Asker: 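Okay, here's the structure, questions in a sec.
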Protein chains: 4
Amino acid sequence: MEQSFSAPSANPETEEDRGQVAPESKWHRRAANRPEELFQAALAVVLEKGYRATRLEDIAHHAGVTKPLIYHYFKDKDDLVFKSLEWKIGQILDDMRSESGPSEAGTNERLRKLFEYSWARWRRTEFGFFHGTILFEMRLENPELFRKWTEVSLVQRWKVVEDILRAGQLRGDVRNDLDAAAAARFLISGGIQLAWLHLHTAIPEFAPCREKTLRETALNIFLRGIEPDRTEPAANP
Amino acid sequence: MEQSFSAPSANPETEEDRGQVAPESKWHRRAANRPEELFQAALAVVLEKGYRATRLEDIAHHAGVTKPLIYHYFKDKDDLVFKSLEWKIGQILDDMRSESGPSEAGTNERLRKLFEYSWARWRRTEFGFFHGTILFEMRLENPELFRKWTEVSLVQRWKVVEDILRAGQLRGDVRNDLDAAAAARFLISGGIQLAWLHLHTAIPEFAPCREKTLRETALNIFLRGIEPDRTEPAANP
Amino acid sequence: MEQSFSAPSANPETEEDRGQVAPESKWHRRAANRPEELFQAALAVVLEKGYRATRLEDIAHHAGVTKPLIYHYFKDKDDLVFKSLEWKIGQILDDMRSESGPSEAGTNERLRKLFEYSWARWRRTEFGFFHGTILFEMRLENPELFRKWTEVSLVQRWKVVEDILRAGQLRGDVRNDLDAAAAARFLISGGIQLAWLHLHTAIPEFAPCREKTLRETALNIFLRGIEPDRTEPAANP
Amino acid sequence: MEQSFSAPSANPETEEDRGQVAPESKWHRRAANRPEELFQAALAVVLEKGYRATRLEDIAHHAGVTKPLIYHYFKDKDDLVFKSLEWKIGQILDDMRSESGPSEAGTNERLRKLFEYSWARWRRTEFGFFHGTILFEMRLENPELFRKWTEVSLVQRWKVVEDILRAGQLRGDVRNDLDAAAAARFLISGGIQLAWLHLHTAIPEFAPCREKTLRETALNIFLRGIEPDRTEPAANP
DNA sequence: CATGAATGAGTGTTCATTCAT
DNA sequence: TATGAATGAACACTCATTCAT
C-alpha cells in the first residue's frame, strides 16, 4: 500500500561534495523536489490512516525529514495535506486525459472500453484511497477539495458516458426514452462502489465473489438495459 | 442533520420553579435511561464530525452532562462510540426486519418494491451517516464494526435480491445466463452510491439531477438488463 | 494477605425481618459495627497497595458497601484511613500489654523470651504492613501517626529492653560499660529489620536464608556482646 | 533535603542582557544535558513526596521546564522516575566501588572500618531517601527495581561482611560456630535501620540519643558477640 | 537549509466528594 | 440508612507549531 509513496529517506550518492572534505555541516542534501517528496509522504500516511488520524510527525518520518522542515515549505499541516491531495488530483486528471482515444466504434464498444479502463483505475490503491478519504473525510473537512475531486472523478466521467449515450440515441443504439445523464451516473457510481467494496475493503473475505464476474455482469446488465426495444424493431418513428 | 439526536442541554422547567429561593443546585436530571441518551448524543456528534474529530467534551455537552459522567456508564470513549454505533445498527436491523412482506408478485414488482423501500432508507440522514462513517472510518478504526455493518446493510440485502433473481430465473422472468449474486451487488451497491452522492453530499449543488429520475432510471436499466432475450419471441407463454 | 480483613459483603441471615414481609427497601442490614468493618476493609486495602495508591472505591468494594456510605461514618478518606490505622495501633498495643509476664528469670532468659515473642509478632502480616506503610508513607503523610506508631512499636520496646539491661547490669549479668539505651535500640531495630526483610519482601527469593538461623544468630551475638568480660571475672570494683 | 537536586528555574544571566529590547522570548536554556537535570528533579520530588504522590507537573517545575518537554526525553512518567532511580543506584554503586581498599588489618579493624564507612553513607540524605522509597514503595510498584537496589545496598554488603567473618574464622578471630551469613545480615540490616531511624525520621525529637553512642554500641556488641570463647584463656597467643 | 529543543492548547481519564432520592 | 447519579479538580499524555542555533 505504500510502495508508490515511499520517499528515499537518505540518498547520500546524489550529493555533490567533491574536492572539499565533507564539511560536517548538519544539513546535507538539498532535495531538488522536496515539496513533491512531502506530497508523496503525506499521501502515503493519509492513505493509511485517514486525514484526522494522521500526525505531522508520521509524515515527516515517512519523508525522512524532521517536522520543522515541513514549515519551510508549507504554511501548516492542512496546507501540506490539502496541497498534496490537489497535486494528486492533478496527476490523476492528467493521466485520465491521456486515456480515452475518441473511438469511432459502436456505442457498446465505446462503453465497454470506457468501463474497463475505469475499472482498471478504480483498482489502484491510490484510487481506493481517494474514494475513501476524499469522499468521506474531505466532505466534512474541506468541501472545496471534495468538490474538486468529485468534479474530476465523477462528474466528468458522467459527462463522457452521457455523451456516448446521447450519440447512441441518435444512432439508434440506445433507446430514446432513457435519461442519459441519470443512466451515466448509475454506470459510473455503481461501478466505483462495486470496485471499491470489492478491492479496497475486507468484504470479499466474508462475502467472496470473482472480480471479473462482478465487472462483466454490471456492464452487461447496463448495456442490455439501455438497448432499444427489439420486439418492434422499426417502431421508431 | 441533528434533529433526532439533540438533547436539551438544560431542563428549563426545573430551573425557575420559584422566582426566589432555588439555590442553584448543581445538577438536575435524574436520568431515566442515560445510556441511550448518550448513544444518541454520541451518534449526533460523530455524524457531524466523524469519529476521529469527535471529542468527548462535545458528546457530553450535546447530552447536557459533564464529561466524567460518561465514565459512569462506559469504559472509555471507544466503548461509548462503538456501542452507540452497534446500538444504531441493531435498531436499523430491527427496522429492516419489519419491512418487506414476502410478496407473491412478479419478479419485476418484487425488485421494484424492494429497491424503492431501500431507497427510502438510504435517504435518511442516519443512513447517510452510517454509510460514510462506518464504510470509511470504521474500516480503519474498527474493522469488526465495519464488518457488522456491511453484513447488515449490504450483504444481507444482496442476498435478498439474489434470491429474488434466482426465483425469477426459475420462472423464466430473468435470463438464465445472469450471475445472480453479481447482479444483486450491482443493483444494491449502485443504488446506495447513487442515493448517497445525491442526498448526502453537495454534489447536486453543482451537478443537479432529479432524484426521481435517478432512482427510476437505475431501476429501469437494471430490470431491462436482466430480462431474458426476446429474440426467441414465442418462448414467452 | 486479606483473610483477616475481609468483610461479609452480604449476610442476609442476620437480618431481623419477621412477621412483616420483606418491604423491598433498598437498604437492608444496618450493620451493628460498620465503622469497624470499614476499618478492616481500609486496612486490608492500604496493606495491599499502600496509602497513596488506595482508592476509596476499593475500600468500599472490599467492605461490600458503596462509596457514599463511607461519608456517613467518616468525614473523608483520610479520616477513615487514619482512624483505621489508629484503631489497629490500639489493638496491637492491647495485645502487647497482655504479653510479657514480668519474669524473674535471668537476664539472658528474659531477653531471649522477649526477642522471641517480638519476632513472632514481626512475622505477622499486619506487622509487616505497619512497618512498611507507617514507617515510610505516614512519615510523610501523617507525622502524628508516625509518632504514635513508633512510640508503641519501637520506643516502648526499647525501654523494656533497656530496663532489662539495666537490671542485668546491677546483677552483674551485663557489662557496666554498655549504654543500655543504645544497646536496646540495636537489638530491637535490628531484629525488626531482619524480620521484615526476610518475611515481608522478596529478598529471600534471591538471597535465601533460614529464618531460625537468622533469629538465633542475631540474639546470640547480642547476648554474647553484652556479657561482662570473663577474663578478669572479679575485676569489677 | 533538596540541596543537590534543586534546579535554577530561570536562568538569570540571559534574562536582563540589555535593559531594553529583550522581547521576552518564550524559552531559554539550551539544555546541555537535560536528561540528567530531569533525573535530579525527579529524584528531588520523589524524595520529598514519595512516588505515588509525585506529579509530573512538580518535576517539570522543579527542573524549570514545562511538562510536555519531559515526553521529549522519556516515554512516560514511570520511564522518567524509574530511570532516575536506576541512574542514582548506578551512581551510588560507583561510589561504593571506589570505597573500601582491601585492608590487611585484623578482623575487628576491617569490620569497624567497613561499618563506619557504611554508616557515613547511611547518613546521607540520598540514602535515607532510597531506603524509604525503594524499600517500601518500589517493593509494591516496581519489584524489579526493589531487587536491583537491595542487591546493591544490602546483599552485596552482606557478602562483604560475610567474607570478612569467614576469613576471621580461619584466623581464629571469630568463633567457628557462628553462621557468618546470618551474622553479616544482622550487622548491616541492624545498622541501616538504626541509622535510618535516627537520621531520617523525627524519632530523635521525642526519643533522643547520641548518634555516636548508637553507632559505637552497635558495633561493639557485634564485635564482642562474634569473638571466640575465652573460657580457654590460653588459646590466645 | 535544517534541526533539536521547547511549549500552549487541548483531550481522555481518574477520583474524592456531594446531590437527590 | 443507603445509594445511583453527578461533578470539579486534577493529572498524564498528545500534537501542531515555534524558537534558537
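Keep in mind the model is a prediction, meaning the values are calculated, not measured. Convention: sequence-line order gives letters A, B, ...; per-chain numbering from 1. Side-chain atoms are counted along with the backbone in the values below, which use heavy atoms only and exclude waters and symmetry mates.
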Asker: Expressed as a whole number of angstroms, how long is the span from B:Asp79:CG to E:dT13:C1'?
Answerer: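 Distance check: B:Asp79 CG to E:dT13 C1' gives 13 Å.
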Asker: Return the value, rounded to whole Å, for the distance between atom CG of C:Leu69 and atom C1' of F:dA5.
Answerer: 16 Å
Asker: Is the distance between the ring centroids of C:Phe82 and C:Tyr51 under 6.0 Å?
Answerer: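 Close enough - the centres of the two rings lie under 6.0 Å apart.
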Asker: What integer distance in Å separates A:His72:NE2 from E:dT3:C1'?
Answerer: 9 Å
Asker: So, does D:Arg34 get its side chain near the phosphate of E:dA6, meaning an N or O under 4.0 Å from OP1 or OP2?
Answerer: yes
Asker: Please report the closest heavy-atom contact between D:Val81 and D:Ile59, naming both atoms and the distance.
Answerer: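 Between these two residues, the closest heavy atoms are CG2-CD1, 4.5 Å.
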Asker: Only counting residues at least two apart or in another chain, list the ones meeting salt bridge (charged side-chain N to carboxylate O under 4.0 Å, His left out) with C:Lys77.
Answerer: none
Asker: In whole Å, I'd like the distance from the CG atom of D:Leu38 to the P atom of E:dA5.
Answerer: 12 Å
Asker: Figure out the CD1/P separation between C:Ile70 and F:dG4, and round it to whole Å.
Answerer: 13 Å
Asker: For DNA chain F, write out the stems as range with range, using runs of 3 or more consecutive Watson-Crick or G-U pairs with both distances under 3.5 Å.
Answerer: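 For DNA chain F the paired stretches long enough to count as stems (3 pairs minimum) are E:2-21 with F:2-21.
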Asker: Report yes or no: does D:Asn33 contribute a side-chain atom to a donor-acceptor pair with the main-chain N or O of D:Glu36 at less than 3.5 Å?
Answerer: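 Side chain of D:Asn33 to backbone of D:Glu36: no pair is present.
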Asker: Rounded to whole Å, please give me the gap between CD in B:Glu37 and C1' in F:dA6.
Answerer: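 Taking atom C1' of F:dA6 as the reference, CD of B:Glu37 is at 13 Å.
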Asker: E:dA2 P sits how many Å from A:His61 NE2, rounded?
Answerer: 18 Å
Asker: What integer distance in Å separates C:Phe74:CZ from F:dT1:C1'?
Answerer: 15 Å
Asker: Atom NZ in D:Lys83, atom CG in D:Asp79: separation rounded to 0.5 Å?
Answerer: 3.5 Å
Asker: Using a 4.0 Å heavy-atom cut-off to protein, can you give one letter per nucleotide of nucleotides 12-17 of chain F, 5' to 3': B if the base is in contact, S if only the sugar-phosphate is, - if neither?
Answerer: BBBBBB
Asker: Using ring centroids (six-membered ring only for Trp), state whether A:Tyr73 and A:Phe39 fall under 6.0 Å.
Answerer: no
